[in-house]
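Below, chain A is the first sequence line, B the second, and so on; all start at residue 1. In what follows, every heavy atom counts, from backbone to side chain, and hydrogens, waters and symmetry copies are set aside.
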Amino acid sequence: MKASQFYLSTLKEAPQDAELKSHQLMIRAGFIKRLSSGLYSWMPLGLRVLKKVENIIREEMNKAGGIELLMPAIQPSELWNETQRWDLFGPQMLKIKDRHDNDFCFGPTHEEVITDIVRKEIKSYKQLPVNFYQIQTKFRDEIRPRFGVMRAREFLMKDSYSFHANDESLQETYKAMFEAYNRIFTQIGLNYRSVAADSGAIGGDSSHEFHVLADSGEDLIAFSDQSEYAANIEKATTQIQVNPEQKSLPTAKIHTPSISTINNLVRHFQCNLDQILKSIAFVADGELVICFLAGNREINLIKLQKTLAVKKLHMAKDADLEKNNLFPGFIGPQGIDHIRQIFDHSVLAMKNMICGANELDYHLKDFNFQQTPSCHDISNVIEGDLSPDGKGQLKFCRGIEVGHIFQLGKKYSEAMGANFLDEQGVSQILTMGCYGIGVSRIVAAAVEQNNDDNGMILPQSIAPFEVIIIPIGMNKSDLVKNECLKIYHSLKENNFDVLLDDRDLRPGIMFAESDLIGIPHRIVVGEKSLNLGEVEYKRRKDQEAYNISLNDVVENLKKVTTKTI
RNA sequence: CGGGGAGUAGCUCAGUCUGGUAGAGUGUCUGCUUUGGGAGCAGAAAGUCGCAGGUUCGAAUCCUGUCUCCCCGACCA
């Protein structure tokens, strides 16, 4: 590609509203252009990157037995009513009406459509298993879109859905997808981690997320420093370590006027956070619930909601507490049996704790339970916790979720009547798996992970171009011009994705732009070095350039690129 | 949905308090000069000051309403 025949448009300054490095760089480099909140155009340069990511995914999906199809972005409400999700999906789903006043949505996902296809197409066990995938635009009306295409409302996703006669078959495909995903992210050149996720009601160790590791990631990941255990903080758990040696002391009621916050208690009692029994009040489906947990832990709302098995959950207001004769800041477990209480498993490790006395301006010191209450995991793990497999301590890192694989079981096939005939001619419900990759998010994640002060440093596999040729004084020197064209053509003949910057700009501009847009290999052609029969070569990620012989340009590039041609 | 902030040229922003002909830098265009890290000089084009009302002789500026965008939180297959 010659730059004069392409479209490059870069900015010196990033728009003020771009917070994240990847967002700033993608806009400055002319990869994307914002149309509205969470809606972005992919400009020519960015589209090249997106397409490269897409193609790596497509190739690996095909190798892993996936079969590509393409479903409509617009979907009729009837299908969604079959699974109840028309109402359950919530405001994230963009609902629209056609001219006949019929309800449609812009698909946020495609379980319903694919299951409809499969129930009409798949009749026999002989057609199983099957794994369909598409690479397609989704729309989810996020409450707060942010960080450019990292969390956009409209985005490109690879979603696949597999159908099986039984669980073993699902496991096989799931494993194949897990391996394919690892190959995909490795090939793209991302520093990532697969994270086992608890699958809740569906059971089994059957869900994995793939996270690109980055400090700016929206997800917090807990992982063991000595085993393979890794989980999203939403789902991570721990083994609570109990010290049976510790002796119970007699309880004392202490006057603690106006000392109602945890920090003030720590100061007043000269104790550690984990000696304080923290109480947090919620209103769950209209009922007041008091949660107790160690003072150094935070409530995990997802776990709490699951444990309580309620639909609506919010923090209680002071008025809710006062109605029940409770004093905010002085709530404890003693003498409130008429109120629903739930204990976090961190309580198991606590003895001689400090807690509210359910009396204004009083706390209990050295409180102990007569009988250990039944406990649940309703808190987030903290760094240093024992890994749930008993091996090692938990550490934290941040991640950007770029992939998610899941064993759905019969949830959709049952609701929609997707059946097949088995070997005995008996009708059975199909078993299903689904596997997603955020294609456009990968581009943002790759930039987020690979940049410096001058711009992006993209992995060769997804860079908009692999090599750039920068001529110095091209229009002044026929020698420069001819040698550039020669190099350009020989690189193209050798299947390099090469950009010749033939715009005849000042060198500084060309250097700055090629750095900004992250092209991994750079060849500078100037008269001085040409007279020595050489050109300059520099890798984007290296500081120093060096000269190579004019005759060795192609060979040298073959050597320094990992690419197999 | 709650809290905070912002809408003025393609981009970054001043001007608003204290009403009086619409500004700068950068980018774009022209010419000259320059050619190894976003150079220099000269000139030019470019804005319904988010939108709608109101006050006023006069509104980017004051008042009312409204829309959009961003940040923090809540929420999130």
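- The base of B:G3 has none of its N or O atoms less than 3.5 Å from a complementary donor or acceptor on the side chain of A:Arg144.
- Partner assigned to B:A6 is B:U68, using Watson-Crick or G-U wobble distances below 3.5 angstrom.
- When both distances must be under 3.5 Å, the Watson-Crick or G-U wobble mate of B:A24 is B:U12.
- Side-chain atoms of A:Lys158 and A:Ser160 include a donor-acceptor pair closer than 3.5 Å.
- Between A:Leu505 atom CG and B:G36 atom C1' there is a gap of 14 Å when expressed in whole angstrom units.
- Atom C1' of B:C29 sits at a distance of 10 Å from the matching atom of B:A46, rounded to the whole Å.
- In this structure, A:Thr109 and A:Gln75 approach most closely via the heavy-atom pair O-NE2, 3.1 Å.
- Rounded to whole Å, the P atom of B:A52 lies 33 Å from the corresponding atom of B:U26.
- Where A:Ser36 and A:Lys33 meet RNA chain B, the nucleotide closest to each residue was compared, and A:Lys33 sits on the side nearer the 5' end.
- Nucleotide B:C76 forms a pair with no other nucleotide shown, judged by Watson-Crick or G-U wobble geometry with both contacts under 3.5 Å.
- Side chain to side chain, A:Ser529 and A:Glu534 fail the donor-acceptor criterion of an N or O pair below 3.5 Å.
- In this structure, B:G37 forms no base pair with any nucleotide, since neither Watson-Crick nor G-U wobble geometry is met with both distances under 3.5 Å.
- A side-chain N or O of A:Lys138 and one of A:Gln136 form a donor-acceptor pair less than 3.5 Å apart.
- One can place CG of A:Leu11 at 8 Å from C1' of B:G10, the figure rounded to the nearest angstrom.
- With rounding to the nearest 0.5 Å, the separation of CG in A:Leu273 from CG in A:Asn263 is 6.5 Å.
- Separation of the P atoms belonging to B:C70 and B:U12 is 13 Å when rounded to the nearest angstrom.
- Toward the 5′ end of RNA chain B lies the nearest nucleotide of A:Asp504, the other residue of the pair A:Arg85 and A:Asp504 mapping further downstream.
- Within the 4.0 Å cut-off from OP1 or OP2 of B:G27, at least one side-chain nitrogen or oxygen of A:Lys12 is found.
- Among the heavy atoms of the strands, none lies under 4.0 Å from A:Ala18.
- Here B:G36 presents its P atom at 17 Å from CZ of A:Arg503, a figure rounded to the nearest Å.
- One interatomic measurement links the two molecules: CD1 of A:Ile509 to P of B:U34, which rounds to 17 Å at whole-angstrom precision.
- Among all heavy-atom pairs drawn from A:Val447 and A:Ser22, the shortest one is CG1-CA, 3.7 Å.
- When heavy atoms are screened at a 4.0 angstrom cut-off, A:Met157 is found touching base atoms of the nucleic acid.
- In this structure, B:A42 forms a base pair with B:U30, meeting either the Watson-Crick or the G-U wobble geometry with both donor-acceptor distances under 3.5 Å.
- Among the nucleotides B:U35, B:C69, B:G38, the one closest to the side chain of A:Arg34 is B:C69.
- Regarding A:Met150, its CE atom lies at a distance of 17 Å from the C1' atom of B:C71, rounded to whole Å.
- Rounded to whole angstrom, the span from the CZ atom of A:Phe139 across to the P atom of B:C76 amounts to 19 Å.
- One P atom belongs to B:C41, the other to B:G27, and the distance between them is 12 Å to the nearest Å.
- Separation of the P atoms belonging to B:G20 and B:U61 is 10 Å when rounded to the nearest angstrom.
- Here A:Gln92 lies in heavy-atom contact (under 4.0 Å) with sugar-phosphate atoms only.
- Applying the 4.0 Å criterion to OP1 and OP2 of B:U35, one finds that A:Arg506 has every side-chain N and O outside that range.
- Using modelled atom types, one finds no donor on one side chain facing an acceptor on the other under 3.5 Å when comparing A:Asn131 with A:Tyr133.
- A:Lys528 comes within 4.0 angstrom of no nucleic acid atom, judged by non-hydrogen atoms across all strands.
- B:G31 and B:U48 have their P atoms separated by 28 Å, with the value rounded to a whole Å.
- Of the candidate nucleotides B:G36, B:G37, B:C69, B:G37 has the atom lying nearest to any side-chain atom of A:Asn454.
- Heavy atoms of A:Glu111 sit nowhere under 4.0 angstrom from any nucleic acid atom.
- For the 3.5 Å distance criterion, the side chains of A:His521 and A:Gln460 qualify, holding a donor opposite an acceptor.
- Using a 4.0 Å heavy-atom distance criterion, A:Ser37 is classed as a sugar-phosphate-only contact.
- In this structure, B:U55 forms no base pair with any nucleotide, since neither Watson-Crick nor G-U wobble geometry is met with both distances under 3.5 Å.
- Among the heavy atoms of the strands, none lies under 4.0 Å from A:Ile470.
- Among B:G38, B:C76, B:C69, the nucleotide with an atom closest to any side-chain atom of A:Ala512 is B:G38.
- Annotation: B:U55 and B:G19 have their C1' atoms spaced 11 Å apart (nearest Å).
- Within 4.0 Å of A:Thr10, counting heavy atoms only, lies at least one base atom of the nucleic acid.
- Regarding A:Glu218, its CD atom lies at a distance of 13 Å from the C1' atom of B:G73, rounded to whole Å.
- Distance from the side chain of A:Pro507 is smallest for B:U35 among the nucleotides B:C76, B:C71, B:U35.
- If you take CD1 of A:Ile143 and C1' of B:G73, they are 11 Å apart, rounded to a whole angstrom.
- Across all strands shown, B:U61 forms no Watson-Crick or G-U wobble pair with both key distances under 3.5 Å.
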